[in-house]
Enquirer: 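My structure is below; once you've seen it, I'll send some questions.
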Amino acid sequence: MGYLLIVILIMAILSLILNFIGKKISYSYILYTPAISLSVGICLYLVKLFNMDYPVEGFSIIFDLFVLTALITVWIFAIIETIIIDVIEQGPEIKDDFSYLGKKLVTLCKLAVERIKSKRTKLEPIELMEEESVENIEKREKVTQK
């Protein structure tokens, strides 16, 4: 029970620090405060569970597992809430970024296809092309155009 109070105190101090930083520097710190503080609480409880001397008798192990389960459940909801708020607030920016990336991807694909096409026409070595007569080159071009 004492460890739970220490974990709650650490999570509260971390929340206050992130809230203060969020007001001074960036709103993102306030947005991610629940997820970060709950993550720290989960990590501290996992450290406690992994450092216990087993077998543990009585109610303490059941209580610790119940607290860890509650922390993980609330953490999952905090992550989902953070993602939803982030998408709602920055939805137009995310949409613009995806459309920009799509246009860049199409442009890069077109450039790659053009490079492949240009390399296919220049597969012959330079020495052979120099030795060929103009008539042979014209015949080869007519055949490839058909």
Enquirer: Can F50 be reached from F63 by stepping across I, L, V, M, F, W or Y side chains whose heavy atoms are under 4.5 Å apart?
Expert: yes

Enquirer: Shared ILVMFWY cluster between L16 and L9, side chains joined below 4.5 angstrom?
Expert: no

Enquirer: Take I10 and I6 through the side chain to side chain contact (heavy atoms under 4.5 Å, CB included) test and state the conclusion after the steps.
Expert: CA-CA 6 Å; I10 291 171; I6 293 171; 3.9 Å; yes

Enquirer: Do you reckon I13 sits in the same ILVMFWY cluster as I36, going by side-chain contacts under 4.5 Å, direct or chained?
Expert: yes

Enquirer: Might you point out which heavy atoms bring D96 and S99 nearest each other, and give the distance in Å?
Expert: O-OG, 2.8 Å

Enquirer: Atom CD1 of I83 and atom CG of L31: how far apart are they, to the nearest 0.5 Å?
Expert: 10.5 Å

Enquirer: What distance do F98 atom CZ and L105 atom CG have between them, rounded to the nearest 0.5 Å?
Expert: 12.5 Å

Enquirer: Mind running side chain to side chain contact (heavy atoms under 4.5 Å, CB included) on Y45 and V7 for me, showing each step along the way?
Expert: CA-CA 8 Å; Y45 247 89; V7 169; 4.1 Å; yes

Enquirer: Could you tell me which non-hydrogen atom of I79 sits nearest to which non-hydrogen atom of A35, and how far apart they are?
Expert: CD1-CB, 3.6 Å

Enquirer: Going through the checks in order, is the side chain to side chain contact (heavy atoms under 4.5 Å, CB included) test met by Y32 and D86?
Expert: CA-CA 10 Å; Y32 298 118; D86 226 7; 2.8 Å; yes

Enquirer: What's the spacing between S37 OG and I17 CD1 if we round to 0.5 Å?
Expert: 11.5 Å

Enquirer: Do I76 and V74 share a hydrophobic cluster (ILVMFWY, side-chain heavy atoms under 4.5 Å, transitive)?
Expert: yes

Enquirer: Testing the basics here: between Y3 and L44, what is the closest heavy-atom pair and its distance to 0.1 Å?
Expert: OH-O, 2.8 Å

Enquirer: Kindly compute the distance separating CD1 (I42) from OG1 (T69), expressed to the nearest 0.5 Å.
Expert: 10.0 Å

Enquirer: Check for me, please, whether F77 and I84 land in the same ILVMFWY cluster - side-chain distances under 4.5 Å, paths through other members count.
Expert: no

Enquirer: Might you work through the side chain to side chain contact (heavy atoms under 4.5 Å, CB included) test for L71 and M11, ending with a clear yes or no?
Expert: CA-CA 11 Å; L71 281 172; M11 288 170 52; 4.2 Å; yes

Enquirer: Can you tell if the side chain of L14 reaches within under 4.5 Å of the side chain of L18, non-hydrogen atoms only?
Expert: yes

Enquirer: Residues in side-chain contact (heavy atoms from CB on, under 4.5 Å) with N19, at least two apart?
Expert: K23, I30

Enquirer: State the CG-CD1 distance between L65 and I62, to the nearest 0.5 angstrom.
Expert: 8.0 Å

Enquirer: Working to the nearest 0.5 Å, report the span between CH2 of W75 and CD1 of I80.
Expert: 10.0 Å

